[in-house]
Amino acid sequence: QVKKRPDERLGFFDAAMSFAVSERMTLERSLRDALKVGQFELFYQPQVKLKEMRLVGAEALIRWRHPELGIIGPDKFIPVAEQTGLIVEMGRWVLESACAELRSWDKQELPPLRLGVNISGRQFHEADLADTVAGVIADSGINPRQLDLELTESMLMADGESTLRLLRQLADLGVSLSIDDFGTGYSSLAYLKRFPVNTVKIDRAFVRDLDHDEDGRVIANAIISLAHSLSLSTIAEGVETESQAALLARHGCDEIQGYLIGRPVPAADFVAFARSFNGTTAIAGKS
Ligand code: C2E
Ligand code: MG
Ligand code: MG
Ligand code: MG
């Protein structure tokens, strides 16, 4: 999964590599400490139903609030967390925090929203993911229908039977399942029909192409049609312009997520956003 850096292809005793290793070990230690002292935080990005321009959900996106370096995005540390296995503990923290936030929205009397949580490959292949999710749901007391787990195509490709069993266990808990970054992985498409998934998240790459070329429109349209013909709903990711939103609406895309509606923001800012959102306002938050 994680791309090899060019320097990692050199011999074991190569200085560049031992540097990369020690750098990674330092980062790993910092990540462990950060988890312990509570430096991770979830940001929330709104998802809007295109037909009514109604706020229907959000995606939880992890950030590291580093005391010296400021806010660090997941691309900087998720790969190392994944490599070292720390992602399992971190992923559990994400699930717990996301569910706690759902509870808090309920107490603050927001309309019920669906909250998407990203699941990493390693987390998905841990033996007890379904137990973990079941436990977190029970402890938090949330309605499982409000929780959406975002999986990727590559997770669903491997080992058919046990994957199917796990997905059924998760679906039986009442949570919904989405395919994140759809169209960028090694899709066989067969799994869409076979597995109990609910939603396809159209990758930003296809949305970006919408404005530019006919091919982009053809692909987005094909994904939406395919999803709908299998009774799956669609969310377009990375929607930045009005014209992208208009094209997606014309193609029947169900929901959009992107800077056009709002950037990922801290929990308190998201609550304020949710209260004031009326379909025409958009917030400029910090990512
Ligand atoms: P993702 O799940 O596909 O999340 C969407 C990413 O697109 C987010 O980046 C979001 O900030 C960004 N984005 C949203 N709208 C726009 C837009 O209009 N334009 C542009 N240019 N970007 C937009 P972010 O937050 O940096 O997260 C990157 C990836 O890190 C995520 O991609 C996800 O794969 C991973 N990730 C984030 N949080 C978690 C987590 O809690 N657990 C795990 N395992 N992975 C996470
Ligand atoms: Mg995601
Ligand atoms: Mg995505
Ligand atoms: Mg992604």
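Given the structure is predicted, the values throughout are model-derived calculations rather than measurements. Just so you know, ligand 1 is whichever comes first in the structure, and atom 1 is the first atom listed for that ligand.
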* With a cut-off of 2.8 Å, does D203 place any N/O/S atom under that distance from the Mg ion (ligand 3)? -> no

* Asked: Of the backbone atoms (N, CA, C, O) and the side-chain heavy atoms from C-beta on, which set of M90 has a member under 4.0 Å from an atom of ligand 1: side chain, backbone, both, or neither?
  -> neither

* Asked: Does R263 approach ligand 1 within less than 4.0 angstrom via side chain, backbone, both or neither, non-hydrogen atoms only?
  -> neither

* Asked: So is D181 polar-close to ligand 1, meaning N/O to N/O under 3.5 Å?
  -> yes

* Structure fact -> Nearest non-hydrogen contact to atom 41 (O) of ligand 1 from the set V94, L61, I119 belongs to V94

* Asked: Given P46, G73, P74, which has its nearest heavy atom closest to atom 26 (O) of ligand 1?
  -> P74

* Has N118 got an N/O/S atom less than 2.8 Å from the Mg ion (ligand 2)? -> yes

* Asked: Got a sec: is E150 within less than 2.8 Å of the Mg ion (ligand 2) via an N/O/S atom?
  -> yes

* Asked: Counting only heavy atoms, which portion of D75 has something under 4.0 Å from ligand 1: side chain, backbone, both, or neither?
  -> side chain

* Can you sort out which atoms of ligand 1 are near Q45, meaning under 4.0 Å from one of its heavy atoms? => 14 (C), 15 (N)

* Structure fact -> Closest to the Mg ion (ligand 3), among the N/O/S atoms of D181, is atom OD1

* To do: For ligand 1, note which part of E237 has a heavy atom under 4.0 Å away: side chain, backbone, both or neither.
  => side chain

* **With the Mg ion (ligand 3) as the apex, the OD1/OE1 angle for D180 and E237 - to 10°** => 90°

* To do: Examine all N, O or S atoms of E59, backbone included, and report whether one is under 2.8 Å from the Mg ion (ligand 2).
  => yes

* Closest to atom 33 (C) of ligand 1 among N118, D203, V117 (heavy-atom distance) -> N118

* To do: Below 4.0 angstrom from a heavy atom of G258, which ligand 1 atoms are there? Numbered from 1 as shown, please.
  => 15 (N), 18 (O)

* To do: May I ask you to check if R194 and Y191 form a cation-pi contact, with NZ or CZ under 6.0 angstrom from the six-membered ring centre and within 45° of the axis?
  => no

* Asked: Taking the six-membered ring for Trp, are Y44 and W105 parallel (under 30°), tilted (30 to 60°) or perpendicular (over 60°)?
  -> perpendicular

* Has ligand 1 got any nitrogen or oxygen that is less than 3.5 angstrom from a nitrogen or oxygen of I62? -> yes

* Check if E59 has a non-hydrogen atom at a distance under 4.0 Å from any atom of ligand 1. => yes

* So, for M90 and I78, which heavy atoms are closest and what is the spacing to 0.1 Å? -> SD-CD1, 4.3 Å

* Per-residue contact class, P264 against ligand 1 - non-hydrogen pairs under 4.0 Å -> side chain

